[in-house]
Structures are given as C-alpha cells and as structure tokens.
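Encoded as structure tokens, the structure appears first; notes follow it.
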Amino acid sequence: MRTTQRRHEQLAMLVRARWKPRRSEWTVPCRDRDGRRSQAEVLIGERGPTLAIGSTVAVLDPMDAGRLRAALREAIEPPSAALAALRHELIERAAADQHARAQLDPAGPTPHQWAAVQRVDEDNLHWLAPIVAVHAAWILAQHAPARYRACWLPKLRDAVACGDASPRDLAYLSDRVATDEKRGQRYGTQWLHLGGVSRLYPLHRPAEVNLARADVGLDLLPDADLDTAYASFEEITAAVEGAPS
C-alpha cells in the first residue's frame, strides 16, 4: 500500500513539473551541447523516478526531483546584479538574526539576551519593510509581528512567481502565517516546543505534506513526526494550559 502511495505521489510531482506524459513515461525535448536535438526521458521505477539524457541515467528520489526542479528554475532565470547584492545583505542580516538567537540561554534567556534579540529584530524590520521580502527575507519576516508577516506573504508569493525568490522561503512564511491564523500548515515547517517535547503545529493535509515539501526542495519528514503533529489548535491550547509553569 505504501509503495503504491509513493508511486502516486511521484507521478503527481512529475505532472506538476509539466513533464509530457506518454503512457508510463515522460519526455522533454532538448538539445545537447553541440546544439543537436535530443530528449530527456523520465519513467517511474522501483527505486523512484529515473531521468535519462542520452546514455546518462540518474535515479531520483522525491527530494532529488524537487532540487532538480529548483535548480532548473534558477538556471533559466538568473538573478540580476541588484538582486544579487540585495540577497547578500539579506543573508548577512539573516545571519545576525540567527546569531542573536543562538546566544539565548536554553535554560532560561536573560532580559539582556532578549533585549539584544529585540534590537536586531527592530533593525531588520525597519530595513525590510520598504523593500518587500525576497530570497532569505523569510528568516527576517517570520520574526516580525504577525500583521507584517500576513502583509508580506502575497508580495513574497509574487516574487516567487517571477523567479525572484525561492519557493522554500514561501513555504516557511506560508506556514508561519497559517499558524498565526490558526489554520493547518501545508509544508510542516512550524514546530511547537513545549515541556521539552517538539511537535508539529496542525497540518492541513498530513498525507500530502512530504509531496509539498519535495516540490519546493525541502527534506522529507519522518512518518513519526507527521503522526505526532497536533491535531488541532484546541489541543495546543489545552497542552499549554496544562503545562507546568
């Protein structure tokens, strides 16, 4: 049963990637380095999707297929010099964001440590608000107030559609906004750490989470993590209220 479900998920992912079907195979016209006509062939084997271009054959798992799709998208639409510079600053600011949080004492952050985090967040917020989110900005955006996250989500979605931002960034911000609004998350990127235990926030469609993650190049989640996700936000409320202070 699990093998059949995995095969259906792989087929659905290939169809979403717009491969041209021919019975149980898919073909994509292309050219070799010398400009000669060729084609890429894809079929579903026992070990997963198989990609063949000429005499070269590669067996892809769902994660590999997602990465291939992302790599093709970036290769076809490379970023401009201005966007590259913007991404560089975003990455530096994201590193500062993560560094500030890494200094928090796991046993109990001090007010001084939280103040340092707040200063970094405020500086990033003032810089980010006028320019909208692009590649790596989700790291900053998801630590901004919820009203800003909801405002930036459509702009990040448009940036992804234009090839100016990563689908993975959109997955994280989409899930963060969904949990803000007490809706199930699609990609399984948001966790609740409570009483020393980490569990996923409620999922929109648990059976489709790994398919959605593979589609944007995220690592697949173990079944155990999916099975222990919170079933509802009411369950979270009950857990929080029952947790020791």
Side-chain angles (χ1 to χ4, degrees), residues 9 12-19 62-95 97-98 121 124-192 200-221 226 229 233:
E9 291 177 350
M13 182 170 57
L14 289 168
V15 171
R16 287 184 182 181
R18 294 186 175 87
W19 296 98
M63 183 63 186
D64 294 331
R67 286 172 174 164
L68 175 61
R69 183 178 177 185
L72 288 171
R73 179 167 45 242
E74 290 199 13
I76 293 171
E77 299 180 1
S80 64
L83 179 57
L86 180 62
R87 287 182 174 179
H88 177 72
E89 183 167 359
L90 280 166
I91 290 171
E92 288 187 343
R93 286 179 174 273
D97 176 287
Q98 296 298 284
D121 286 351
N124 285 334
L125 175 60
H126 293 154
W127 178 84
L128 182 62
I131 66 170
V132 308
V134 290
H135 186 66
W138 63 269
I139 297 179
L140 313 184
Q142 68 173 330
H143 291 142
R147 67 180 184 278
Y148 284 96
R149 290 195 288 264
C151 176
W152 286 332
L153 180 58
K155 298 178 181 180
L156 181 55
R157 188 177 291 116
D158 290 343
V160 170
C162 295
D164 293 334
S166 168
R168 288 178 293 181
D169 299 349
L170 180 59
Y172 274 88
L173 190 57
S174 296
D175 279 357
R176 190 61 182 266
V177 171
T179 57
D180 286 341
E181 299 174 351
K182 298 189 183 306
R183 294 184 288 104
Q185 55 176 329
R186 181 184 178 195
Y187 299 93
T189 63
Q190 303 300 306
W191 298 72
L192 177 62
L200 285 163
Y201 275 91
L203 303 169
H204 176 50
R205 292 178 178 173
E208 297 180 7
V209 167
N210 275 334
L211 177 59
R213 291 177 67 90
D215 199 35
V216 298
L218 290 172
D219 291 335
L220 305 186
L221 293 174
L226 299 175
F233 284 90

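Just so it is clear, the values below take in all heavy atoms, side chains as well, and ignore hydrogens, waters and symmetry mates.
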Listed partners of R149 passing salt bridge (Lys or Arg N to Asp or Glu O under 4.0 Å), at least two apart | D180

For T189, side chain to side chain donor-acceptor pair (under 3.5 Å) partners two or more places apart | D175

Quick one: pull up CG in L173 and CG in L156 and give me the separation to the nearest 0.5 Å.
-> 5.5 Å

Counting only N and O atoms by type, is there a donor-acceptor contact under 3.5 Å from the side chain of Q185 to the main-chain atoms of T179?
-> no

Under 3.5 Å, is there a donor-acceptor pair between the side chain of Q190 and the main chain of L200?
-> no

With sequence neighbours excluded, what pairs up with E92 under the salt bridge (Lys or Arg N to Asp or Glu O under 4.0 Å) test?
-> none

For R147, enumerate each residue passing the salt bridge (Lys or Arg N to Asp or Glu O under 4.0 Å) test, keeping only those at least two apart in sequence or located in another chain.
-> none

Mind checking side-chain contact (heavy atoms from CB on, under 4.5 Å) for A178 and listing every partner two or more places apart, or none if nothing turns up?
-> R183

Check step by step if side chain to side chain contact (heavy atoms under 4.5 Å, CB included) holds for Y187 and V209.
-> CA-CA 5 Å; Y187 299 93; V209 167; 5.8 Å; no

Please name all residues satisfying side-chain contact (heavy atoms from CB on, under 4.5 Å) with P202, sequence neighbours left out, ordered by chain then number.
-> Y230, F233, I236

Locate the shortest heavy-atom distance separating A229 from L203; write the atom from each residue and the value.
-> CB-CD1, 3.9 Å

D97 and N124: which non-hydrogen atoms are nearest, and at how many Å?
-> CB-ND2, 4.1 Å

Short side-chain to backbone donor-acceptor contact, R213 and L218, under 3.5 Å | no

List the atom of A171, the atom of V216, and the distance in Å for their closest heavy-atom pair.
-> CB-CG2, 4.2 Å

